[in-house]
Asker: 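Provided herewith is a single structure, encoded as structure tokens, for subsequent inquiry.
Nothing fancy with the numbering, it's 1 onward along the sequence.
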Amino acid sequence: MAGEGERYQEFEPPAALKPFIRAIWTYADPDPAPVIQRIAPDGCPELIFDLGAPYEEKGEDDVWRLQPSALFAGQMTRPLALRPVGPTELVAIRFEPDGARDWLGLPLVEATDRRLDMVQRLAGFSAPAGNPGGQVEAFTRWLADQRRLSEWRIDPLIRAEIEAAAGDRPSPTRSAADQRALQRRFAGRVGVSPRMLRSIFRFRRIFDHAAHPGQPAAENWLGAGLEAGYFDQPQMARDFRRFLGCTATEWAREQQALARAIASQTYKPDAGHPA
């Protein structure tokens, strides 16, 4: 749940955009704490438009830099560290894992672990501040116009593999040549390998099971990890380091604001997303 003064909401896209877009979400915090937010991979690229103060992002060189006010966040394979610098308000498009390729006009692998400046691409776009419904309506209209400008399509083989991964079902048996061909198609339309996407989805499932009441924190995380498909606590701990850069206990203790809102809502299967 969002804290006092915060607002986080998710909206379903219209039917015409649903094959490509998983959700449209809005977030605002008029007085965010100036603390680091750890954002984990979730298997979906996003298009984000800031109406408030953009966040600062920590680079691989440990330097904090202000993000552009409009950006495309490609697939992530490592944690993202952000911190607010002022009142925040944003509206974002969460694409399906394979839904952004034709909108972006580039192989998705070129955006993996990158935030691409989209200020020029969104020039002229505006959304009403303080009005989540109006923001979603504006973005929906803009996306519908974008789709009319170019043909968007879904690769049935890629989508079937994504659905199997989301449902924790095994992939069909393939020859080595067919598997290499699938990996090449995944790089272009998803941005990560099928194996990496399965790892990300498994990590996401931890959060589906991490809110059982009445359990000590350590038992809570361990049970959630086992239900998500991990063999033991060390295996789960490695993925927390890999995808969040910290332990489960550290994340639960430190995270607030945007990181907490995204984890508590986005990772839940009842929010309309695959478990």
Side-chain angles (χ1 to χ4, degrees), residues 1-2 6-29 37 39-52 54-55 67-76 80 82 87-105 108 111 115-119 121-150 152-154 159 162 166 190-191 204 207 257-275:
M1 297 295 291
E6 289 179 79
R7 164 176 56 77
Y8 178 88
Q9 293 176 265
E10 291 191 5
F11 301 80
E12 284 196 6
L17 294 174
K18 257 192 170 182
F20 311 96
I21 295 170
R22 179 165 294 191
I24 304 172
W25 58 274
T26 66
Y27 177 78
D29 189 346
Q37 299 295 303
I39 309 295
D42 70 355
C44 297
E46 295 191 321
L47 176 63
I48 300 170
F49 182 77
D50 274 293
L51 290 82
Y55 285 81
Q67 290 185 328
S69 59
L71 62 88
F72 179 81
Q75 290 281 3
M76 293 164 51
L80 172 64
L82 302 175
T88 62
E89 184 172 12
L90 55 88
V91 57
I93 303 299
R94 181 173 298 118
F95 288 95
E96 290 289 346
D98 58 339
R101 170 63 178 88
D102 296 322
W103 174 82
L104 185 63
L108 261 291
R115 264 59 63 195
L116 306 182
D117 189 327
M118 290 288 141
V119 171
R121 182 83 180 263
L122 270 75
F125 173 77
S126 62
N131 181 353
Q135 293 164 10
V136 171
E137 184 179 351
F139 230 154
T140 299
R141 285 197 309 267
W142 184 85
L143 281 165
D145 289 341
Q146 291 283 300
R147 190 183 178 194
R148 282 190 286 269
L149 294 174
S150 61
W152 295 6
R153 65 183 182 86
I154 295 297
R159 179 56 61 89
I162 290 169
V190 180
R204 288 179 57 191
F207 296 87
L258 180 61
R260 183 189 62 235
I262 290 176
S264 66
Q265 300 295 326
T266 302
Y267 292 126
K268 300 300 180 186
D270 60 2
H273 312 305

Asker: Please tell me if the side chains of R159 and E96 come closer than 4.5 Å, counting only heavy atoms from C-beta onward.
Answerer: yes

Asker: State, yes or no, whether a side-chain contact exists between L47 and L122 at a heavy-atom distance under 4.5 Å.
Answerer: yes

Asker: W152 and L17: side chain to side chain contact (heavy atoms under 4.5 Å, CB included), yes or no, with the steps?
Answerer: CA-CA 10 Å; W152 295 6; L17 294 174; 4.1 Å; yes

Asker: Is a salt bridge present between E10 and R94, judged by a nitrogen-to-oxygen distance below 4.0 Å?
Answerer: yes

Asker: Can you give me the closest heavy-atom contact between Q75 and V190, atom names plus distance?
Answerer: CG-O, 2.9 Å

Asker: State, to 0.1 Å, how close A23 and P13 come at their nearest heavy-atom pair, and which atoms those are.
Answerer: CA-CD, 4.2 Å

Asker: With heavy-atom distances below 4.5 Å as the criterion, would you say the side chains of F95 and C44 are in contact?
Answerer: no

Asker: If we ignore hydrogens and angles and just use 3.5 Å, is the side chain of R147 paired with the main-chain N or O of A16 as donor and acceptor?
Answerer: yes

Asker: Measure across L116 and A111 and return the closest heavy-atom pair with its distance rounded to 0.1 Å.
Answerer: CD1-CB, 3.9 Å

Asker: Which residues satisfy the side-chain contact (heavy atoms from CB on, under 4.5 Å) test with P132, sequence neighbours excluded?
Answerer: R7, Q9, F11, T26

Asker: Could you give the distance from CD1 (I48) to CG (D50), rounded to the nearest 0.5 Å?
Answerer: 7.5 Å

Asker: With the side chain counted from C-beta on, respond yes when E89 and D29 share a heavy-atom pair under 4.5 Å apart, and no when they do not.
Answerer: no

Asker: Verify the distance criterion only: is there a donor paired with an acceptor across the side chains of W142 and T140 at less than 3.5 Å?
Answerer: no

Asker: Among all residues two or more places apart in sequence or in another chain, which pass the salt bridge (Lys or Arg N to Asp or Glu O under 4.0 Å) test with R141?
Answerer: E137

Asker: Under 3.5 Å, which donor-acceptor pairs do the side chains of residues 123-131 form with other protein atoms, sequence neighbours left out?
Answerer:
from : atom 1 : to   : atom 2 : distance (Å)
N131 : OD1    : G133 : N      : 3.4
N131 : OD1    : G134 : N      : 2.9

Asker: Do L82 and Q67 touch side chain to side chain, with heavy atoms closer than 4.5 Å?
Answerer: yes

Asker: Can you confirm whether the side chains of E46 and W25 place a donor and an acceptor under 3.5 Å from each other?
Answerer: yes

Asker: Cation over ring, R121 on W103, under 6.0 Å and within 45°?
Answerer: yes

Asker: Side chains of Q37 and Y55: any donor to acceptor distance under 3.5 Å?
Answerer: no

Asker: Could you tell me whether the side chain of D42 reaches within less than 4.5 Å of the side chain of M76, counting heavy atoms only?
Answerer: no

Asker: For R153 and D98, run side chain to side chain contact (heavy atoms under 4.5 Å, CB included): C-alpha distance rounded to whole Å, both residues' side-chain angles, the deciding distance at 0.1 Å, then the answer.
Answerer: CA-CA 10 Å; R153 65 183 182 86; D98 58 339; over 6 Å; no

Asker: Between L108 and A100, which heavy-atom pair has the shortest distance, and what is it?
Answerer: CD2-C, 4.0 Å

Asker: Looking at side-chain heavy atoms only, is the closest gap between D117 and F72 below 4.5 Å?
Answerer: no

Asker: Looking at every heavy atom in both P68 and P54, which two are closest together, and how far apart are they?
Answerer: O-CB, 4.3 Å

Asker: Roughly how far apart are L90 CG and F49 CZ, rounded to 0.5 Å?
Answerer: 10.5 Å

